[in-house]
Amino acid sequence: MEEKMDYKKKVAAALAPALNEYLTDTEIYEKIEIPKESKMGDYAFPTFTLAKVLRKAPQMIASELVEKIDQDQFEKVEVAGPYINFFLDKTAFGAEVLGTVLSQKAEYGQNDDGNQGNVPIDMSSPNIAKPISMGHLRSTVIGNSLSLIMSKNGYNPIKINHLGDWGTQFGKLITAYKLWGSEEEVKADPINKLLEYYVRFHKEDQEKPELDDIARDWFKKLEDGDEEAMNLWQWFREESLKSFKQIYDKLGITFDSYKGEAFYNDKMDEIVQILEDKGLLKESQGAQVVDLEKYNLNPALIKKTDGATLYITRDLAAALYRYRTYDFNQSLYVVGAEQTNHFKQLKAVLKEMGFDWSDDVHHIPFGLITLNGKKLSTRSGRVVLLDEVLNDAVSLAKKQINDKNPDLANADTVAKEVGVGAVIFHDLKNERTNSFDFNLEDVVRFEGETGPYVQYSRARAESILRKAGDVEEFAQLNITDPKAWDTLKALQDFPNIVKRAAAQYEPSVIAKYALGLAKAFNKYYANSKILADDEEKTARLALVKSVSIVLEESLRLLGVKAPDEM
RNA sequence: GGUUCGGUAGCUCAGCUGGAUAGAGCAUCCGCCUUCUAAGCGGACGGUCGAGAGUUCGAAUCUCUCCCGAAUCACCA
């Protein structure tokens with residue numbers, strides 16, 4: 001199927017007989033480009049490179065070359081200066097694309113490049129007892145979309161929520177809870193109360209440094225498995241997770257594993273042992289480090305002066321655990337760009353340990369969300385709570401529905417899908433690594449290049465299909481209306497887009513594509529009477545149906561719902 | 001200071017492996033609902049692609065230098 005739909009190959013084949021004297025088939029194929037505007041054709045072959053070999057002006061080469069080309073299978077082939085422009089047979093092309101989409105439906109664009117290989121994806125990973133902010137949204141939403149994209153490319157993704165459920169902050173939290181907290185309070189509003197205790201601890205320990213000693217003791221007890229400490233820890237974890245899950249539900253995201261930092265407590269000794277056995281550990285200023293000078297990196301700090309392990313030790317244990325558990329094809333970490341250095345170190349240490357699979361470990365960085373140009377920080381109170389943003393977005397969507405479509409049956413459900421969709425889409429539409437300053441109006445915008453625009457485009461398509469009586473059989477698929485051309489070409493491009501999104505680990509590739517397809521379709525919709533009674537009506541409905549399928553699938557790959565009406 | 005990433009229209013950003021007059025959205029102004037959802041469509045306005053040099057038939061795209069911004073640079077994660 002893919003071969004059949006590769007029209008560039010057809011162009012290359014047409015050029016080959018006239019050019020094989022100078023260029024190989026692949027060279028020809030690679031030189032073919034897609035013109036910016038469709039009036040310049042669907043494919044173009046520039047002749048500049050031949051000018052040297054042939055010692056002729058490119059324009060002349062083009063006009064001579066075009067004479068030798070078999071033009072039968074194209075609508076036309078014409079010379080435009082130094083370019084040879086190829087125009088495809090639009091009707092045949094369209095019929096082929098529509099036939100493919102309609103027969104494959106949601107499977108359209110699916111490929112088996114991944115060969116069912118496992119791909120654990122480290123994503124979301126919020127800290128226990130802290131609210132989920134817009135910062136976590138990025139990791140969550142990018143990771144989720146990547147899992148869907150990888151799956152569309154034949155991989156088997158495993159979504160891992162590597163919870164921040166261990167560390168000295170739990171000593172502080174327990175201390176604060178014992179001093180000022182109560183069970184009822186926490187149960188009523190776990191995250192906010194726990195955060196409140198934590199913040200109060202940090203305020204009061206400025207003047208009462210003895211609090212830090214108590215906190216240290218509690219963490220020590222926790223590490224030693226003290227029953228009271230463990231029970232409190234367990235309880236904080238559960239309550240936090242409950243409230244995290246409410247947000248994940250709103251986003252429509254699930255996980256395959258919630259193994260967090262604590263899970264690796266008993267798995268770090270082995271890492272230290274391996275490092276020792278391989279003679280990689282060196283003492284430096286009282287600490288144990290792995291020298292990474294040959295990677296042009298700072299030494300990796302494995303054990304602190306007091307013998308305690310660090311973040312990287314835990315991540316090494318997690319990396320090895322994931323390798324053993326999943327025998328992964330690749331292992332992804334959707335973590336902010338500010339941790340790039342850490343992941344370089346992680347990979348380097350794995351390499352030093354002799355694990356050749358370290359090459360399959362990939363950090364997928366993303367840009368920072370700032371507020372008024374400054375980094376978000378829980379302690380300083382500069383937070384944008386995700387839950388509030390989602391709620392704002394949903395109520396704005398509801399208001400919009402009341403204004404524009406007051407009779408809509410399931411208005412509340414649709415408001416959720418549109419509001420949440422707007423937030424997710426906004427996060428995914430630009431390149432991952434771009435940073436952005438948080439602005440509520442931008443995030444919940446419903447017009448222009450937004451999630452709701454794509455949803456709306458598809459809802460209009462669905463509306464037409466309903467009016468047409470939900471046709472399932474399409475008698476014929478030939479469309480001669482040139483206004484449908486851009487939409488048909490966009491539909492045909494989807495399988496390539498799916499591959500590119502996976503190769504670049506970029507949800508924005510899908511988002512941009514969805515916008516482009518929606519835009520092409522809206523233009524068509526505005527200028528053509530789809531339900532007109534003529535012999536091409538079924539073909540037009542086939543186009544509408546195909547657009548709906550591919551838009552829905554694009555949105556699905558982003559983790560955004562596609563309501564039939566809005 | 002070292003490393004990494006970025007600097008394209010008033011704002012937010014596209015621009016695939018260098019190619020034909022640099023594109024969208026938002027904002028501003030104007031037009032289009034007695035045609036299928038106006039969350040839409042069309043038009044106008046708007047750019048020395050940070051600066052300079054180089055490679056090339058051709059550079060927003062590749063190389064170098066400089067300017068500006070952000071992240072990061074061992075006992076947090």
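In what follows, chains are A, B, ... by sequence order, proteins preceding strands, each numbered from 1. Excluded from the calculations below are hydrogen atoms, water molecules and symmetry mates; all remaining heavy atoms, backbone and side chain alike, are included.
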Could you state the NZ-P distance from A:Lys282 to B:C75, rounded to the nearest angstrom?
-> 20 Å
With a non-hydrogen cut-off below 4.0 angstrom, is A:Asp437 in contact with a base, only sugar-phosphate, or nothing?
-> nothing
Using a cut-off of 4.0 Å on non-hydrogen atoms, how would the nucleic acid contact of A:Gln339 be classed: base, sugar-phosphate, or nothing?
-> base
Does A:Glu37 or A:Lys467 map to a spot on RNA chain B nearer the 5' end, using the closest nucleotide for each?
-> A:Glu37
Under-4.0 Å side-chain N/O to phosphate OP1/OP2 contact, A:Lys130 with B:A77 = no
Remember a base hit wins even if backbone is also touched, and classify A:Thr370 as base, sugar-phosphate or nothing at under 4.0 Å, heavy atoms.
-> nothing
Is any side-chain nitrogen or oxygen of A:Lys304 closer than 4.0 Å to OP1 or OP2 of B:C76?
-> yes
Given B:U4, B:A20, B:G15, which nucleotide is nearest the side-chain atoms of A:Ala80?
-> B:A20
Mind calculating the distance between CG (A:Leu515) and P (B:C26) to the nearest angstrom?
-> 11 Å
Taking the C1' atom of each, how far is B:C13 from B:C49, in whole Å?
-> 13 Å
Any A:Ser463 side-chain N or O less than 4.0 Å from OP1/OP2 of B:U37 | yes
Could you check if a side-chain atom of A:Asp427 sits within less than 4.5 angstrom of a side-chain atom of A:Val423, using non-hydrogen atoms only?
-> no
Atom CD of A:Glu33 to atom C1' of B:G15: distance rounded to whole Å?
-> 14 Å
Separation between the P atoms of B:U63 and B:U48, rounded to whole Å | 25 Å
Within a radius of less than 6.0 Å around NZ of A:Lys267, do more than 12 heavy atoms belonging to other residues, nucleotides or ligands occur?
-> yes
NA contact type, A:Glu261, heavy-atom cut-off 4.0 Å: base, sugar-phosphate, or nothing?
-> sugar-phosphate
Quick one: label A:Ala44 by what it contacts on the DNA or RNA (base, sugar-phosphate, nothing), any heavy atom closer than 4.0 Å.
-> base
Ring centroid separation A:Phe45 to A:Phe86 under 6.0 Å | no
Euclidean distance, atom CZ of residue A:Arg500 to atom P of B:G15 [Å, nearest integer] | 8 Å
Have a look at A:Pro35 and say if it touches a base, only the backbone sugar-phosphate, or nothing, with a 4.0 Å heavy-atom cut-off.
-> base
Flag the pair A:Phe236 / A:Phe170 as yes when their ring centroid distance falls below 6.0 Å, and as no otherwise.
-> no
Would you please classify the geometry between the A:Tyr524 ring and the A:Phe521 ring as parallel, tilted or perpendicular, with 30° and 60° separating the classes?
-> tilted
Side-chain donor or acceptor of A:Thr305 under 3.5 Å from a matching atom on the base of B:C75?
-> yes
Measure the distance from CG on A:Leu297 to P on B:U4 and round it to the nearest whole Å.
-> 11 Å
Anything below 3.5 Å on both distances counts as a pair; with that, list the stems of at least three consecutive Watson-Crick or G-U pairs involving RNA chain B.
-> B:1-7 with B:67-73, B:10-13 with B:23-26, B:28-32 with B:40-44, B:50-54 with B:62-66
Could you state the CZ-P distance from A:Phe219 to B:A77, rounded to the nearest angstrom?
-> 9 Å
Examine B:G15: is either OP1 or OP2 under 4.0 Å from a nitrogen or oxygen in the side chain of A:Lys36? Give yes or no.
-> no
What distance, rounded to whole Å, do you find between the two P atoms, one in B:C5 and one in B:G46?
-> 36 Å
Which part of the nucleic acid, if any, lies within contact of A:Lys529, taking any heavy atom under 4.0 Å across all strands shown: a base, the sugar-phosphate backbone alone, or nothing?
-> base
In 5'-to-3' order, the base (B), backbone-only (S) or no-contact (-) status of each nucleotide in nucleotides 38-45 of chain B, using a 4.0 angstrom heavy-atom cut-off, is SBSSS---
Have a look at A:Ala287 and say if it touches a base, only the backbone sugar-phosphate, or nothing, with a 4.0 Å heavy-atom cut-off.
-> base
Electrostatic pair A:Glu352-A:Lys294, nearest N-O below 4.0 angstrom = yes
Within the structure shown, what part of the strands sits under 4.0 Å from A:Leu310 by heavy-atom distance: base, sugar-phosphate, or nothing?
-> sugar-phosphate
When you check the gap from the basic side-chain N to the acidic O, do A:Lys537 and A:Asp534 get nearer than 4.0 Å?
-> no
Which part of the nucleic acid does A:Glu30 contact within heavy-atom distance under 4.0 Å: base, sugar-phosphate only, or nothing?
-> nothing
Note, A:Met353 side chain near A:Leu275 side chain (heavy atom, < 4.5 Å) = yes
Using the closest heavy atom to pick a nucleotide of RNA chain B for each, name whichever of A:Lys512 or A:Glu565 lands nearer the 5' end.
-> A:Lys512
Salt bridge or not for A:Asp486 and A:Lys523, using N-O below 4.0 Å?
-> no
Mind checking A:Asp564 for me? I need base, sugar-phosphate or nothing, with any heavy atom below 4.0 Å counting as a touch.
-> base
For atom P, what is the distance between B:G10 and B:C73, given to the nearest Å?
-> 36 Å
The nucleotide from B:C57, B:U4, B:U37 with an atom nearest the side chain of A:Lys344 is B:U4
Below 4.0 angstrom, N of the basic side chain to O of the carboxylate: do A:Arg458 and A:Glu462 qualify?
-> yes
Could you tell me whether A:Arg314 contacts a base, only the sugar-phosphate backbone, or nothing, with contacts defined as non-hydrogen atoms closer than 4.0 Å?
-> nothing
Separation of A:Asn341 atom CG from B:C75 atom C1', in whole Å?
-> 15 Å
Indicate, with a heavy-atom threshold strictly under 4.0 Å, whether A:Lys303 touches base, sugar-phosphate, or nothing.
-> nothing
Describe the nucleic acid contact of A:Gln345 in one word from base, sugar-phosphate, nothing, applying a heavy-atom distance below 4.0 Å.
-> nothing
Can you tell me, in whole Å, how much space there is between the P of B:G54 and that of B:A59?
-> 12 Å
Under-4.0 Å salt bridge between A:Lys282 and A:Asp291 = no
Result for ring-ring contact (aromatic ring centres under 6.0 Å, His included) between A:Trp166 and one of A:Trp233, A:Tyr264, A:Tyr311 points to A:Trp233
Taking NZ, NE, NH1 and NH2 as the nitrogens, is one of them in A:Arg466 or A:Asp564 under 4.0 Å from a carboxylate oxygen of the other?
-> no
Rounded off to whole Å, could you give me the CG-to-P distance for the A:Asn496 and B:U17 pair?
-> 14 Å
Phosphate-side-chain proximity, A:Asn434 and B:A70, N/O vs OP1/OP2 below 4.0 Å = no
